[in-house]
Amino acid sequence: MTVRTRFAPSPTGFLHIGGARTALFSWAYAKKYSGKFILRIEDTDVERSTPAAVQAILDGMAWLGLDYDEGPFYQMQRMETYEKVLQTMLDAGTAYYCYCSKEELETLRETQMQQGLKPRYDGRWRPEVGKTLPQAPQDIQPVIRFKNPQTGMVAWDDLVKGRIEISNEELDDLIVARADGTPTYNFCVVVDDFEMGITQVIRGDDHVNNTPRQINMLIALGAKIPQYAHLSMILGDDGQKLSKRHGAVSVMQYHEDGYLPEAVLNYLARLGWSHGDAEIFNMQQFCEWFDLDHITPSAAQFNTEKLNWLNAHYIKEINISLLASDIRARLQANRIEPSGASFLNNILTLYRERANNLNQLAKDIAYFYTRPTPSAEDIEKYITPEIMPAMQKLQQLLSNIEWTAETIHHEISAVVAEFSLKFPKVAMPLRVMITGTAQSPSIDQVMDLLGKEETLARIQKYLSVCT
RNA sequence: GUCCCCAUCGUCUAGAGGCCUAGGACACCUCCCUUUCACGGAGGCGACCGGGGUUCGAAUCCCCGUGGGGACGCCA
């Protein structure tokens, strides 16, 4: 049987890191077994679902490169199917109308909670042989409830958590259709997973409690039960649960924050899953290695430091022209127009070794395109009056050479020797004058790249001021 | 409250009874490299939640605690 997995987000917000990992694992599982990965948008909550959120999810998946074989299917466009199944269940007696009002249910819940009981529907409208149902009130639009078995046990072998058994006594008759006739989540999931032939349901473990209900409905429909794999949640950097007001950010935020999708993907893959000691691997390797046996059942805390490390790795590894086009966009966002493709490539070749963030990288190389303003502290610390004679001499020597990193280095060394200085004594002021900061790659290489004219002009600026 | 899940270095994890005086990675510390900052290289610090069993032998299996999390919607 071919593997069919799905990712089924509800479009009530952006694609966050937890959802992205769920999607990644489902995607990888399908890829590993040459199966199909299906995208299904669960938009039955009309109140909270928005087209913008749908787009955000699509964008997030596209950025990560998580492509789907079928879909996106929208549940709101499948109403006819749900209604048909609902009618079948009503006819078969596995579902029934319930005329309880919301208020009635609310008081029921409250009393049960007060008595220390698990709040659940008491089955007052549940038809039973030999039981007389109350008179249906005229003013209430009924909901439809699923007639859950009252005895026995539901069990499944969770691919992540192992065997889970839940007594049917813990379950109640859940609402499958609202008073307005629209079907609810648990019901739609069941119908869709069944009809779409999903073989492995890989989802967040906040759904383990829904699983027994869904299995019971699947049984009632005579469907084959898929395998379930419940992924534990991802906690924030501080160990706290991710929520809208705390830490939960869109995966696209990582793009904005200067991360490569390769890094995010590799990081996410390694969060809750492992392959021995493997830390760095691409998606092709991941798909080959991926399995459900090596997923940790416990929650994982997000660690930005490690993401940064992976980001640094991929900034070094990625194809230079891909890197250049990304950095070009970031420079332009800062109103810097990078001239000359090969110039940018050369700069990046020099700088990518030391970067772990694309925004920082773009910022660090900005001085190649626009003259920098060093901080007052750096000027005071490095561009001292005592060093000026040496700088004067260097400027003079540099203006007469053929411009290469080697020749530049040679002249700096000459000045260092002539004035009996240490190399950094000359290199540091140069660095500040040229790059605007006290940190950069080898200054001779920087000068070489910047070009003779511009370099000499930047040095001259300080010589003029001080003389 | 009831039910369910989880528990190895600060963090992500390896570990499916002996290979474990518990391995790797991030972070941290030291040293090396060095033209500053990084990168890189070499070391170091650092964990099996507690208590009972089972067993010749337990991080691994069982039970009980404890701690954390989740679910109990006409949300998904």
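Order of the sequence lines fixes the chain letters, A, B, ..., with proteins taken first and strands second; residue numbering starts at 1 for each chain. Values below: all heavy atoms of this structure, side chains included; hydrogens, waters and symmetry mates excluded.
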Ranking B:A76, B:C12, B:G40 by distance to the side chain of A:Ala300, first place goes to B:C12
The complete set of ring-ring contact (aromatic ring centres under 6.0 Å, His included) pairs with one or both residues in residues 161-193 of chain A, sequence neighbours excluded, reads A:Tyr185-A:His207
A:Met233 atom CE is separated from B:G68 atom C1', nearest whole Å, by 11 Å
Taking B:G69, B:C4, B:C74 as options, the one with an atom nearest any side-chain atom of A:Ile166 is B:C4
Those residues at least two apart in sequence (or on a different chain) that pass salt bridge (Lys or Arg N to Asp or Glu O under 4.0 Å) with A:Glu195 are A:Arg78
Between the protein and nucleotides 30-33 of chain B, list every N/O to N/O distance that falls short of 3.5 Å.
none

Expected string for nucleotides 21-27 of chain B under the B/S/- scheme (protein heavy atoms, under 4.0 Å, primed atoms plus P, OP1, OP2 as sugar-phosphate) is --BBBSS
Protein-nucleic acid N or O pairs under 3.5 Å, nucleotides 71-73 of chain B:
unit_1, atom_1, unit_2, atom_2, d
B:A71, O4', A:Asn209, ND2, 3.0
B:C72, O2', A:Pro119, O, 2.9
B:G73, OP2, A:Arg109, NH1, 3.1

Protein and nucleotides 45-51 of chain B: nitrogen or oxygen contacts under 3.5 angstrom:
none

Q: Before accepting this row, confirm whether a basic side-chain N of the pair A:Glu104/A:Lys102 lies closer than 4.0 Å to the acidic partner's carboxylate O.
A: no
The Watson-Crick or G-U wobble partner of B:U2, with both key distances under 3.5 Å, is B:A71
Within residues 422-441 of chain A, the residues having a heavy atom closer than 4.0 Å to RNA chain B are A:Phe423, A:Pro424, A:Ala427, A:Met428, A:Arg431, A:Ala438, A:Gln439, A:Ser440, A:Pro441
Sorted by chain and number, sequence neighbours left out, side chain to side chain donor-acceptor pair (under 3.5 Å) with A:Lys84 holds for none
By the Watson-Crick or G-U definition, both distances under 3.5 Å, B:A14 is matched with none
| message | Using side-chain heavy atoms (C-beta onward) and a distance below 4.5 Å, is A:Leu15 in contact with A:Ser250? | response | no
Contacts satisfying side-chain hydrogen bond (donor to acceptor under 3.5 Å, both in side chains) that involve residues 419-430 of chain A (not counting sequence neighbours) are none
With heavy atoms under 4.0 Å as the rule, sort A:Leu271 into base, sugar-phosphate or nothing. sugar-phosphate
side-chain hydrogen bond (donor to acceptor under 3.5 Å, both in side chains) pairs touching residues 307-318 of chain A, sequence neighbours excluded, are A:Tyr259-A:Asn308, A:Asn266-A:Tyr314
The side chain to side chain donor-acceptor pair (under 3.5 Å) partners of A:Gln150 (sequence neighbours excluded) come to none
Testing B:U35, B:A76, B:C39 for proximity to the side chain of A:Ser10, the answer is B:A76
A:Arg203 meets the side chain to side chain donor-acceptor pair (under 3.5 Å) criterion, sequence neighbours left out, with A:Thr211, A:Gln214, A:His230
